[in-house]
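Working notes, beginning with the structure itself.
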Amino acid sequence: MPQPSGGQTRPPVRVLVVDDEPQIVRALVINLRARKYEVDAAPDGATALQLAAARHPDVIVLDLGLPDMDGAEVIKGLRGWTRVPIIVLSARQASDEKVEALDAGADDYVTKPFGMDELLARLRAAVRRSQPTGDGDEAVLVETDSFTVDLAAKKVNRDGVDVRLTPTEWHLLEVLVRSTGRLVSQKQLLQEVWGPAYGTETNYLRVYMAQLRRKLEADPAHPKHFITEPGMGYRFEP
């Protein structure tokens, strides 16, 4: 794991891999250890919960199809006491199962078969988001190639010009930007922006995401910053 520049080095990042397929566990352990991660592995949900409590991993890679319990139950068990980033790794294709995992508290979802480079990139991003920045608990200025979001000032600037957003557009943008690189479920977005009584009004999201793309994307029909994960949610990529 690359060490931060200047001053103290952080201890190695500890990863807990939870999967009952030995070949996948072996591939992950080899690749992660080669990159200086510390790795623990669990073949089932009960062992995963025990190891998480004993070893305090920095990030968890979790299969949903475990022999003793469903992965969503493991996520709920973990979320009772820890905010450790959880990346779901599963062959399940149904969007409702993915949404269930995200709503239970997972941070990201990678579908099997997966590319090791993609998984490692998602893992690095999850760890980055969970670590303090050193000057406050979050970045307040997020820059892309065409626009800048200033979370502290609640301003968006595109090509040197301030962009006028409605309060709802800003709130939606803010939730996505604060979760940069992370898949945010439709239910979470609706409840954070519109309130706890909302959870199924996905047409709201389609309308407001279209407005954000129209105001901020260079090519709204082919967005590169506001990415749709069909049936699941949205992801902001700077």
Side-chain angles (χ1 to χ4, degrees), residues 4 58-59 79 83-88 98-99 101-110 118 120-196 198-199 201-238:
D58 298 295
V59 61
R79 285 293 174 250
R83 299 307 305 166
V84 61
I86 300 172
I87 301 174
V88 167
K98 298 177 183 179
V99 169
L102 292 168
D103 286 343
D107 295 273
D108 209 343
Y109 198 110
V110 178
E118 179 194 4
L120 291 170
R122 299 277 188 95
L123 189 145
R124 287 193 299 271
V127 172
R128 263 199 316 273
R129 289 194 299 271
S130 70
Q131 292 175 336
T133 59
D135 52 3
D137 61 355
E138 62 185 336
V140 296
L141 192 67
V142 178
E143 297 183 357
T144 74
D145 52 3
S146 58
F147 64 89
T148 301
V149 181
D150 188 333
L151 292 172
K154 296 186 179 296
K155 285 187 174 183
V156 185
N157 187 285
R158 180 181 179 184
D159 299 326
V161 178
D162 285 345
V163 179
R164 296 189 64 173
L165 298 181
T166 68
T168 300
E169 289 168 353
W170 169 261
H171 200 169
L172 182 60
L173 174 66
E174 184 179 34
V175 172
L176 288 167
V177 168
R178 289 186 189 278
S179 298
T180 293
R182 173 183 165 190
L183 178 59
V184 184
S185 72
Q186 294 173 335
K187 181 178 178 181
Q188 181 182 343
L189 280 171
L190 284 166
Q191 292 184 342
E192 289 203 33
V193 177
W194 281 273
Y198 295 79
E201 294 82 356
T202 54
N203 57 310
Y204 289 21
L205 294 175
R206 285 193 294 272
V207 170
Y208 280 90
M209 288 300 297
Q211 292 171 193
L212 278 181
R213 287 169 175 153
R214 190 163 55 250
K215 291 182 177 183
L216 298 177
E217 292 276 6
D219 183 357
H222 302 91
K224 60 183 289 190
H225 303 296
F226 300 100
I227 310 301
T228 301
E229 298 279 0
M232 296 170 62
Y234 298 87
R235 184 194 309 273
F236 173 73
E237 297 288 354

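Quick note: residue numbers are just sequence positions, from 1.
- Under a 3.5 Å cut-off, the side chain of D107 and the backbone N or O of I86 do form a donor-acceptor pair.
- Put simply, the side chain of D145 reaches to within 4.5 Å of the side chain of K224, judged on heavy atoms.
- In the displayed structure, K155 atom NZ is contacted under 6.0 Å by at most 12 heavy atoms of other residues, nucleotides or ligands.
- Between D108 and R124 no salt bridge is recorded (no basic side-chain N to carboxylate O distance below 4.0 Å).
- In this structure, R235 contributes its side chain and E229 its backbone to no donor-acceptor pair below 3.5 Å.
- Remark: E143 CD to D150 CG distance equals 10.0 Å, nearest 0.5 Å.
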For this session: Step by step, work out the side chain to side chain contact (heavy atoms under 4.5 Å, CB included) result for H225 and E217.
Result: CA-CA 7 Å; H225 303 296; E217 292 276 6; 3.4 Å; yes

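- Contact of the R79 side chain with the V84 side chain is registered, since non-hydrogen atoms from C-beta on lie closer than 4.5 Å.
- Interatomic distance, CG of L183 versus CD of Q188, reported as 9.0 Å (0.5 Å rounding).
- No side-chain heavy atom of F236 sits under 4.5 Å from any side-chain heavy atom of V175.
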For this session: Carefully, step by step, assess L189 and L176 under the rule side chain to side chain contact (heavy atoms under 4.5 Å, CB included).
Result: CA-CA 8 Å; L189 280 171; L176 288 167; 4.1 Å; yes

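- Under the ring-ring contact (aromatic ring centres under 6.0 Å, His included) rule, Y208 has a single partner from W194, W170, Y234, which is W194.
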Exercise. Would K154 and E174 satisfy side chain to side chain contact (heavy atoms under 4.5 Å, CB included), going step by step from the backbone distance to the final call?
Worked result: CA-CA 9 Å; K154 296 186 179 296; E174 184 179 34; 3.6 Å; yes

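- Contact between I227 and E237 at its shortest, heavy atoms only, is CG1-CG, 4.1 Å.
- Applying the side-chain hydrogen bond (donor to acceptor under 3.5 Å, both in side chains) criterion to D162, with sequence neighbours excluded, gives N157.
- Of the residues listed (T144, V156, V142), the one engaging V177 in a side-chain contact (heavy atoms from CB on, under 4.5 Å) is V142, and it is the only one.
- The distance from atom CE of M209 to atom CZ of R213, rounded to the nearest 0.5 Å, is 4.5 Å.
- Considering only heavy atoms from C-beta on, L172 stays 4.5 Å or farther from Y204 through its side chain.
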For this session: List the steps and the verdict of side chain to side chain contact (heavy atoms under 4.5 Å, CB included) for L212 and L165.
Result: CA-CA 8 Å; L212 278 181; L165 298 181; 4.1 Å; yes

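- When every heavy atom of F226 is checked against every heavy atom of L216, the shortest pair comes out as CZ-CD1, 3.9 Å.
- To the nearest 0.5 angstrom, E192 atom CD is 9.0 Å from S185 atom OG.
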